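Notes follow once the structure below has been shown.
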Amino acid sequence: MAARQRIRRCCVPLVGFGQVFKPALEDEPDVTSRLGPHRSAWVAITCMPLASCSGIQSTLAPAGEEAGQVATLFWVMAIGAFAIWTFVVLLSLYASRWKQRVISEGCAGRLIFWGGVVFPVSVLTVLLAYALWLMPSLRPFGSGDQADMRIEIVGNQFWWRVVYHKPDGGAVISANEVRLPVGERVEFELKSADMIHSFWIPVLGGKMDLIPGRTNRLSLRATKAGTYRGQCAEFCGTSHALMAFPVVAMEPATFAAWLDERSRTSAGVDDHENGRALFEREGCGRCHRVDGTGSQSDAGPDLSHVGSRLTIGAALLENETNALARFIAHPSSVKPGAKMPAYLDLSAEELESIATWLKGLQ
Ligand code: CUA
């Protein structure tokens with residue numbers, strides 16, 4: 001157990017999930033200072049391959065049906081490759097130590113035929129057949145299931161519009177965070193407002209592009225509740241790497257309650273009048289929508305319940321008043337290429353007022 005914890009301590013920081021998601025590390029002691037520079041470098045190098053096997057954004061730590069199949073395919077391929085590699089290495093060692101002797105042309109031909117044709121062809125055929133057998137279930141709706149719920153995702157430089165379509169025809173608009181019920185099949189309707197982006201939640205399944213002018217569909221089913229991380233997987237401009245999003249897989253009843261809450265105007269809309277007045281005075285509503293106010297534009301992320309999201313700026317900063325104020329003052333200093341203008345003329349008090357009001361939009 002102690003050894004496992006040690007590996008985890010060393011490996012998790014290497015996964016590189018950015019500043020936001022490192023809940024297990026908050027109170028961790030500085031391991032590297034105790035190890036010394038040489039040993040910590042060695043530990044870092046040896047842990048690197050392990051680091052990709054766990055975490056909130058790993059294909060090899062599946063929390064969904066499709067990701068489970070991708071992981072199985074990976075391990076089957078990896079084990080197959082390792083077996084062939086071992087066989088070839090052993091054969092080379094044997095040949096290099098084998099007493100040199102002339103073999104007949106017929107024997108050499110048989111060796112090439114069985115070792116160079118039959119063996120690789122049969123191994124590759126088995127691996128290919130297995131992959132082809134698995135593929136239909138990895139395609140959207142390959143399993144023949146009907147979606148229990150539809151979530152529309154629109155990629156923008158560099159944020160995500162998220163629209164939950166409810167069975168009764170209503171819709172809940174959000175941004176930069178995806179929540180879904182565990183055990184239910186979700187159809188993602190993928191669109192783009194500008195560039196080609198790619199929607200990828202490694203723990204749930206494969207990726208799919210968002211292409212301007214068309215709608216792509218991706219079907220996923222989460223199997224394990226938890227908080228994970230998705231990421232844009234297609235280079236789309238300066239802040240491509242900063243276009244991520246938290247993914248929360250919730251128990252169906254909790255999800256239903258959460259969605260129901262988000263269908264209503266936030267109670268915080270009428271609190272902190274000064275912040276709301278400043279938000280309106282500065283014309284924030286020309287880009288953003290806040291349910292229950294006159295701000296109704298969809299040019300930027302929907303802020304109706306922004307205070308309740310885990311992060312701001314698409315998994316860039318923790319959702320705190322200070323971070324909100326910092327983002328409003330100078331968005332492109334935290335997210336280069338962001339289209340939102342800077343508000344450097346606002347005083348610290350004014351920024352705090354707007355941020356406090358936004359944080360209250362739960
Ligand atoms: Cu969006 Cu890369």
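Quantities reported herein were computed from a predicted structural model and do not represent experimental measurements.
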Has Ser239 got a side-chain atom pairing as donor or acceptor with Pro336's backbone, closer than 3.5 angstrom?
yes

Quick check: are there more than 12 heavy atoms from other residues, nucleotides or ligands sitting under 6.0 Å from CD of Glu352?
no

In terms of hydrophobic clusters joined by side-chain contacts under 4.5 Å, are Leu73 and Val123 together?
yes

Checking His288 side chain against Pro301 main chain: does a donor-acceptor pair fall under 3.5 Å?
yes

Closest heavy-atom pair and its distance - Ala67, Pro202:
CB-O, 3.7 Å

Can you check whether Leu242's main-chain N or O pairs, donor with acceptor, with Lys335's side chain at less than 3.5 Å?
yes

Considering the options Ser308, Ser304, Ser174, which one meets the side chain to side chain donor-acceptor pair (under 3.5 Å) requirement together with Arg262?
Ser308

With a 4.5 Å cut-off on side-chain heavy-atom distances among I, L, V, M, F, W and Y, is there a chain of contacts connecting Ile79 to Val88?
no

Looking at Arg179 and Phe255, what are the two nearest heavy atoms and their distance?
O-CE1, 3.3 Å

Please examine the side chains of Met208 and Leu220, heavy atoms only from C-beta on, and report whether any two atoms are closer than 4.5 Å.
no

Under 4.5 Å between any side-chain heavy atoms of His305 and Glu177, yes or no?
no

Looking at CD of Gln231 and CZ of Phe245, how far apart are the two atoms once the value is rounded to the nearest 0.5 Å?
8.0 Å

Tell me which one of Val290, Thr293, Asp291, Leu361 satisfies side-chain contact (heavy atoms from CB on, under 4.5 Å) with Thr265.
Asp291

As an exercise, state the distance from CD1 of Ile201 to CD of Gln57, rounded to the nearest 0.5 Å.
10.5 Å

Take Ile151 and Val162 through the test side-chain contact (heavy atoms from CB on, under 4.5 Å) and record every step on the way to the result.
CA-CA 7 Å; Ile151 303 177; Val162 182; 3.8 Å; yes

Spacing of CD1 belonging to Ile328 relative to NE2 belonging to His330, to within rounding of 0.5 Å
13.5 Å

Value rounded to 0.5 Å, distance of CG in Leu259 from OG1 in Thr254:
12.5 Å

Non-hydrogen atoms of Ile196 and Pro212 that approach each other most closely:
CG1-CD, 4.0 Å

Can you find a heavy atom in the side chain of Thr72 that is under 4.5 Å from one in the side chain of Tyr130?
yes

Assess whether a salt bridge exists between Arg326 and Glu320, defined as any Lys/Arg side-chain N lying under 4.0 Å from an Asp/Glu carboxylate O.
no

Got a donor-acceptor contact below 3.5 angstrom from the Trp159 side chain to the Met243 backbone?
no

Phe327 versus Leu358: any side-chain heavy-atom pair under 4.5 Å?
no

Could you pull out the closest heavy-atom pair between Asn216 and Asp209, with the gap in Å?
ND2-O, 2.9 Å

State yes or no: do Val247 and Ile173 share one hydrophobic cluster built from I, L, V, M, F, W and Y residues joined by side-chain heavy-atom distances below 4.5 Å, directly or via other members?
no

Decide whether Leu127 and Trp133 are clustered together by the hydrophobic rule: side chain heavy atoms of Ile, Leu, Val, Met, Phe, Trp, Tyr closer than 4.5 Å, transitively.
yes

State, with a plain yes or no, whether a side-chain heavy atom of Cys284 is found less than 4.5 Å away from one of Arg286.
no

Given side-chain contact (heavy atoms from CB on, under 4.5 Å), test Ser263 with Tyr164 step by step and report yes or no.
CA-CA 10 Å; Ser263 315; Tyr164 300 87; over 6 Å; no

Ion pair Asp302/Arg289, N-O distance below 4.0 Å:
yes

Determine the minimum heavy-atom distance between Gly206 and Leu218, stating which atoms define it.
O-CD2, 3.9 Å

Output for pair (Cys236 SG, His197 NE2), nearest 0.5 Å, gives 5.0 Å

Is any side-chain heavy atom of Thr59 closer than 4.5 Å to one of Trp200?
yes

So if I apply the side chain to side chain donor-acceptor pair (under 3.5 Å) rule between Arg276 and each of Glu273, Glu280, His272, which one comes out positive?
Glu280

Hydrophobic clusters here meaning ILVMFWY residues chained together by side-chain heavy-atom distances under 4.5 Å, can you tell me if Met340 and Val334 are in one?
yes

Is a donor on one side and an acceptor on the other found under 3.5 Å between the side chain of Arg161 and the backbone of Asp298?
yes

Under 3.5 Å: donor-acceptor pair, side chain of Asn156, backbone of Ala193
no

In the structure I gave you, are the side-chain heavy atoms of Asn319 and Leu310 within less than 4.5 Å of one another anywhere?
no

Rounded to the nearest 0.5 Å, what's the gap from OG1 on Thr223 to CG on Leu204? Could you check?
8.0 Å

Given Met149, Met250, Glu251, the one that forms side-chain contact (heavy atoms from CB on, under 4.5 Å) with Pro181
Met149

Cationic N near anionic O, under 4.0 Å, Arg221 to Glu184:
no

side-chain contact (heavy atoms from CB on, under 4.5 Å) assessment of Val178 paired with Phe188:
CA-CA 10 Å; Val178 171; Phe188 287 98; 3.9 Å; yes

Charged N to carboxylate O under 4.0 angstrom, Glu234 versus Lys207?
no

Without swapping roles, check the side chain of Thr311 against the backbone of Ala314 for a donor-acceptor pair under 3.5 Å.
no

Which pair of heavy atoms, one from Val203 and one from Ala61, lies closest together, and at what distance?
CG1-O, 3.7 Å

Any side-chain heavy-atom pair from Trp357 and Leu278 closer than 4.5 angstrom?
no

When you measure from the side chain of Gln362 to the backbone of Lys359, do you find a donor-acceptor pair of N or O atoms at a distance under 3.5 Å?
yes

